[in-house]
Amino acid sequence: MSTLLRSECIQCLTRQQFNAIPGDAKEEQKLAFLQRLYAIFAGASREVCAPVMLQEISELKRDIFGCIHDYSEEKSYYNQLLLKKEQSIREKIHCANDPLLKALQYSLVGNYIDFSAVANVEEEYLEKLLKEVEQNSVTGETWERLKRDLENSRQLLFLTDNAGEGVLDKLFLEVIQERFPQLHIKVLVRGKPVLNDMTMDDAVEIGLDQVAEVYDNGNGIAGTWLPELSPQAKELWENAEVIISKGQGNYETLRLRGENIYFLFLCKCEMFCRIFQVPRYTGVLVHG
């Protein structure tokens with residue numbers, strides 16, 4: 001039977017959290033943290049996944065160490081970096097033979113800016129991915145099906161992932177709106193800060209609220225976990241005819257749902273590369 005929880009995710013979380021222990025932590029704090037961390041894993045239901053457990057782990061770190069890493073500086077840096085590139089990328093999109101496909105490819109590249117799945121996010125490597133954007137070849141039946149669904153629907157819900165990345169998502173949504181003007185586009189961001197995921201503050205900073213209606217989902221889980229959605233976010237979910245879900249975290253929390261969801265992300269860890277049989281940092285478009 002399929003479950004959300006995977007052994008590889010526990011291994012990855014263990015490694016990440018061990019490396020994130022503050023350098024000035026006392027031995028008794030380290031021991032207490034690791035014992036309680038393993039207790040979280042031992043007691044986890046197989047119906048939860050890494051992004052859901054991460055919320056409990058963050059609370060544990062606050063309890064023992066007094067604080068957790070604040071990604072506000074990294075988020076602002078990449079928001080501003082991509083805003084500087086926004087107009088030139090917009091021009092490249094509109095000069096393309098297929099602006100919708102080109103915009104989707106840029107949106108995919110933005111998923112690299114992930115301070116959880118990527119150990120060291122490098123501006124140089126991001127530039128490389130932006131220059132090689134066409135290597136994300138996502139054409140095929142799923143792509144054709146997405147276009148048909150966008151053409152025949154009126155309600156699109158877009159689930160965001162990371163800050164910085166949101167600028168490229170905004171360009172993608174602009175092209176979607178131009179090509180499918182009948183669509184009412186709603187966007188969900190995180191309701192509380194978590195890692196470098198996009199919140200309402202980030203959405204306003206990059207002007208995402210100028211191209212679509214933006215709502216927060218009411219929680220700080222690094223994905224879209226339906227049991228924790230706010231009543232407003234649940235209503236948006238239920239009314240959506242098509243859902244585009246960005247990022248691995250959203251895929252992890254929603255992959256067994258079965259609704260009309262199109263997952264869009266870069267494969268950034270070994271497990272996803274193996275599942276989709278692609279090299280690291282390859283973009284995929286998957287229907288739910």
Side-chain angles (χ1 to χ4, degrees), residues 74-115 117-118 121-140 142-151 156 158-181 183 185 187 189 196 198 202-212 214 242 244-248 250 262-268 278-286:
E74 292 92 335
K75 288 167 58 172
S76 182
Y77 179 83
Y78 278 95
N79 280 341
Q80 293 303 315
L81 176 68
L82 270 298
L83 282 173
K84 290 174 184 175
K85 301 176 184 295
E86 178 183 2
Q87 186 54 34
S88 66
I89 293 175
R90 182 182 284 112
E91 290 170 2
K92 289 183 176 71
I93 288 171
H94 286 284
C95 288
N97 291 331
D98 186 345
L100 184 66
L101 176 60
K102 180 73 80 171
L104 180 146
Q105 290 170 324
Y106 274 112
S107 178
L108 267 174
V109 165
N111 195 230
Y112 168 74
I113 309 170
D114 184 338
F115 284 84
V118 180
V121 176
E122 298 176 353
E123 188 177 332
E124 240 178 66
Y125 195 75
L126 174 62
E127 291 288 347
K128 178 179 182 295
L129 292 176
L130 287 170
K131 288 177 182 176
E132 300 172 355
V133 65
E134 291 180 355
Q135 292 191 14
N136 289 302
S137 179
V138 293
T139 54
T142 303
W143 170 237
E144 296 302 321
R145 179 173 178 168
L146 172 59
K147 288 189 289 184
R148 288 196 300 270
D149 276 351
L150 291 174
E151 185 173 1
L156 167 65
F158 189 94
L159 311 177
T160 64
D161 194 14
N162 303 302
E165 175 180 359
V167 176
L168 301 174
D169 294 337
K170 179 176 74 170
L171 295 174
F172 183 33
L173 292 175
E174 283 181 359
V175 178
I176 289 176
Q177 189 69 87
E178 290 169 6
R179 182 153 171 181
F180 309 103
L183 275 174
I185 302 175
V187 175
V189 299
N196 68 309
M198 191 156 68
D202 298 303
V204 172
E205 181 180 354
I206 65 172
L208 183 58
D209 59 327
Q210 301 301 307
V211 301
V214 183
V242 185
I244 297 178
S245 167
K246 280 298 298 291
Q248 287 186 174
N250 281 330
Y262 291 87
F263 296 101
L264 190 63
F265 57 91
L266 290 187
C267 292
K268 291 167 287 191
V278 295
R280 197 179 188 199
Y281 301 130
T282 299
V284 295
L285 171 65
V286 184

Any side-chain donor-acceptor pair under 3.5 Å between [X] and [Y]?
| X | Y | value |
| --- | --- | --- |
| N250 | D161 | no |
| Y77 | E123 | yes |
| E74 | N196 | no |

Under 3.5 Å, side chain of [X] to main-chain N/O of [Y], donor-acceptor pair present?
| X | Y | result |
| --- | --- | --- |
| K246 | F263 | no |
| N136 | G283 | yes |
| N162 | E165 | no |
| N111 | F265 | no |

So, do [X] and [Y] sit near enough that their side-chain heavy atoms are less than 4.5 Å apart?
| X | Y | value |
| --- | --- | --- |
| L100 | K147 | yes |
| L266 | T282 | no |
| Y262 | D149 | yes |
| Q105 | E134 | yes |
| I176 | I244 | yes |
| L173 | L208 | yes |

Worksheet item: Hey, is CD on Q87 packed in by over 12 heavy atoms from elsewhere, all under 6.0 Å?
Response: yes

Discussion item. Using side chain to side chain contact (heavy atoms under 4.5 Å, CB included), reason through L104 and L108 one step at a time and then give a plain yes or no.
Written reply: CA-CA 6 Å; L104 180 146; L108 267 174; 3.9 Å; yes

[X] versus [Y], closest heavy-atom pair with distance:
| X | Y | value |
| --- | --- | --- |
| V204 | D209 | CA-OD1, 3.8 Å |
| L168 | L130 | CD1-CD2, 4.2 Å |
| C267 | V284 | SG-CG1, 3.9 Å |
| E205 | L83 | O-CD1, 3.8 Å |
| F172 | L264 | CE2-CD2, 4.0 Å |
| A203 | M198 | N-CG, 4.1 Å |

Worksheet entry | Y78 vs V167, side chain to side chain contact (heavy atoms under 4.5 Å, CB included): CA-CA, chis, key distance, verdict | CA-CA 9 Å; Y78 278 95; V167 176; over 6 Å; no

SB check [X] [Y] (cutoff 4.0 Å):
| X | Y | result |
| --- | --- | --- |
| E132 | K128 | yes |
| D98 | R179 | yes |
| R148 | E151 | no |

Practice prompt. Would you check, one step at a time, whether the test side chain to side chain contact (heavy atoms under 4.5 Å, CB included) holds for I93 with Y106?
Written response: CA-CA 9 Å; I93 288 171; Y106 274 112; 3.7 Å; yes

Practice prompt. Evaluate the criterion ring pair (Phe, Tyr, Trp, His ring centres under 6.0 Å) for residue pair Y125 and Y112; output intermediate values, then yes/no.
Written response: CA-CA 9 Å; Y125 195 75; Y112 168 74; 5.4 Å; yes

Discussion item. Tell me which one of E91, R90, K92 satisfies side-chain contact (heavy atoms from CB on, under 4.5 Å) with H94.
Written reply: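 With H94 as partner, E91, R90, K92 yield a single side-chain contact (heavy atoms from CB on, under 4.5 Å), made by R90.
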
Worksheet item: Yes or no on side chain to side chain contact (heavy atoms under 4.5 Å, CB included) for V211 and I185, after CA distance, side-chain angles and deciding distance?
Response: CA-CA 9 Å; V211 301; I185 302 175; over 6 Å; no

